[in-house]
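Only heavy atoms go into these numbers, but all of them, side chains included; no hydrogens, no water, no symmetry mates. Convention: sequence-line order gives letters A, B, ...; per-chain numbering from 1.
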There are 2 protein chains.
Amino acid sequence: MTNIKDLAKMAGVSVTTVSRVLNNHPYVSEEKKNAVLEAVKASNYHKNINAVHLSTGKTSLMGVVLPFSDHPYFGLLLKGIANQALEYNYKLVLFQTDYMESRELEALQMLMQKQIDSLIICSRTCDLSTIKEHLPFAYRDFVKKYNLPYKPDYIMDECYYFEDGEKVIKQIQEMDAPPSALLVTSDQVAAGIVTCCKNRHISIPDELAIIGFDNQPIAKMMNITTVEIPLENMGKNLFLQAVNGDLSNEELPAKLIERGTV
Amino acid sequence: MTNIKDLAKMAGVSVTTVSRVLNNHPYVSEEKKNAVLEAVKASNYHKNINAVHLSTGKTSLMGVVLPFSDHPYFGLLLKGIANQALEYNYKLVLFQTDYMESRELEALQMLMQKQIDSLIICSRTCDLSTIKEHLPFAYRDFVKKYNLPYKPDYIMDECYYFEDGEKVIKQIQEMDAPPSALLVTSDQVAAGIVTCCKNRHISIPDELAIIGFDNQPIAKMMNITTVEIPLENMGKNLFLQAVNGDLSNEELPAKLIERGTV
DNA sequence: TTGTACGCGTTATCAA
DNA sequence: TTGATAACGCGTACAA
């Protein structure tokens, strides 16, 4: 593999001049510039980016931690981040954790080792203190904390996909005092619930009212009342905050889309 | 930031010894080893992985090119790759191309610049020749080529999600000679089609037969006949081939799951 | 078992 | 406008 030293020799200039040309720095004569570009072409030269990283101390790589990307919520969030990353010429390194702490730690590891410049944690299983003690510098937390009372039975975990709708209905039917309404954190799951209810002849919204989440197209098709969340926008904001070190704890508006399941 | 030189000074040994301890190499006395480990702890030391990369010429980073990850087909494929990557201690760099050639080129770029050790291209828009001319070495192509006759009208592109089912039905209903059966390349879309047919009182399979793809849980819930593809396994294989430079052009079995839409 | 010294490929500083 | 040369942090022949 040819390197800038080779190029310098080929073009009859110093490595500094080659570097200047390669990075569009000023103060290079047209003549030498052309000589360098010639050499680049002739040798099929490509920068070794790792050397650049070592020299500059930056990688233009941003980590994103999330449980899975094949879920519409995280998928859209990721999309927002990704688009913004594209604009800033950043690449993303994805950490699909499946809610496993060990994988979250891998991300922290990469951050510490400087393989990524920054890290967006969209979901975490590990303790905040764990994050804290692993980092040599301060981190930012944008999550608002609420202390609302709730009924544990009425909260069902691990519902991410369409097919989980069946599980929910089963669970509800086994309850002594089943809820008469469901706030579902994904339109996909809501759609699954609606489908399952149809199969079992449970009337919606009479017997069971449902509000979805995200205002996905599937909610429109199946006429499901839902909450619109500006996920892509959230992703965009996250990226910007991460890349700039901003602290604009902006609140994004959510909107109720009323349809037929309530 | 402290580096191995600092550690060496702190522990009263040479950088070589520090490196040996850090990489679990043999030929280090317990005494010195402990001294180094002490220093590591005391200084909150972390390797600068970029320096390692430069020195070793490897990054343990593998690129994956795919159009989107929030689609069950690519989602599962990615899952298979990711799990295997985990085992081999590789990290993945995701290139979500949205079928844009420019983004595919970015991936090739990173490969050439040695920021990633290897690249798995799950989908491509660019020409094979483009890939070829961008690479300094040979690449492997595992795609079988078939030359089957087909009717262009009967092929509908850009159907990826549940909601695209509506589009399909609309298009079919506008045809002079609509097909009586659909082979759908995603169970999500198939489910959307089935739902849409229900809404419009189109009888399945009498008026329209449907075969899905992937045997996703949604297909089971909606009783859709489908083809089971070992996607995760495919992903696993892809990773192994990429990491080992294997050429085991293995053919994985697909299986028809007969249900109610045919 | 240990350490010296060099190479990896760039960028940055500073003097010319 | 140019070029020597010193970082950057680590791995590793090679010598001891």
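With hydrogens and angles disregarded, a donor-acceptor distance shorter than 3.5 Å links the side chain of T56(A) to the backbone of V52(A).
The closest side-chain donor-acceptor pair between E228(A) and N215(A) falls under 3.5 angstrom.
Closest-nucleotide positions on DNA chain C for N23(A) and T16(B) were compared, and the one nearer the 5' end corresponds to T16(B). Each of I49(B) and P26(A) was matched to the nucleotide of DNA chain D holding its nearest heavy atom; the match closer to the 5' end belongs to P26(A). Mapping Y27(B) and L54(B) onto DNA chain C via the closest heavy atom, the residue that lands nearer the 5' end is Y27(B).
Contact between the side-chain N/O atoms of S29(A) and the OP1/OP2 oxygens of dT2(D) is found at a separation under 4.0 Å. Look at K47(A) and you'll find a side-chain N or O under 4.0 angstrom from OP1 or OP2 of dT11(C).
What separates CG of L7(A) from C1' of dT11(C) is a distance of 15 Å, to the nearest Å. Distance Q115(B) CD to dT10(C) P: 14 Å, rounded to the nearest Å. Straight-line distance from the NZ atom of K9(B) to the C1' atom of dC10(D): 16 Å, rounded to whole Å. As rounded to whole Å, 13 Å separates atom C1' of dG7(C) from atom CG of N48(A). The distance from atom CD of Q113(A) to atom P of dG11(D) is 11 Å, rounded to the nearest whole Å. Rounded to an integer number of Å, the gap from NE2 of H53(A) to P of dG9(C) is 15 Å. To the nearest angstrom, P of dC8(D) lies 12 Å from NZ of K114(A). Between R20(B) atom CZ and dC10(D) atom C1' the separation is 14 Å, expressed in whole Å.
Counting non-hydrogen atoms under 4.0 angstrom, K5(B) reaches nothing in the nucleic acid. Nucleic acid contact for N50(B): none, since no nucleic acid atom lies under 4.0 Å from a heavy atom of the residue. If you check every strand for non-hydrogen atoms under 4.0 Å, V13(A) touches sugar and phosphate atoms only.
For S55(B) against dG7(C), a side-chain-to-base donor-acceptor contact under 3.5 Å is present.
Using a 4.0 Å cut-off between a side-chain N of Lys or Arg and a carboxylate O of Asp or Glu, D164(B) and K167(B) qualify as a salt bridge. In summary, E101(A) and R124(A) do not engage in a salt bridge, as defined by a charged side-chain N under 4.0 Å from a carboxylate O.
With dG11(D), dG3(C), dT10(C) as the candidates, the nucleotide lying closest to the side chain of N3(A) is dT10(C). When each of dT4(C), dT1(D), dC10(D) is scored by its nearest atom to the side-chain atoms of S14(B), the top-ranked nucleotide is dT4(C). Of the candidate nucleotides dG11(D), dT2(D), dT11(C), dG11(D) has the atom nearest to the side chain of V52(B). Taking every side-chain heavy atom of S19(B) into account, dG11(D) is the closest of dG11(D), dT2(D), dG9(D). Each of dC14(C), dG3(C), dA5(C) was ranked by its minimum atom distance to the side chain of T17(B); first place goes to dG3(C).
To the nearest 0.5 Å, the span separating CZ on F95(B) from CD on E104(B) amounts to 11.0 Å.
Within the 4.5 Å cutoff, the side chain of T59(A) has heavy atoms near those of the N50(B) side chain.
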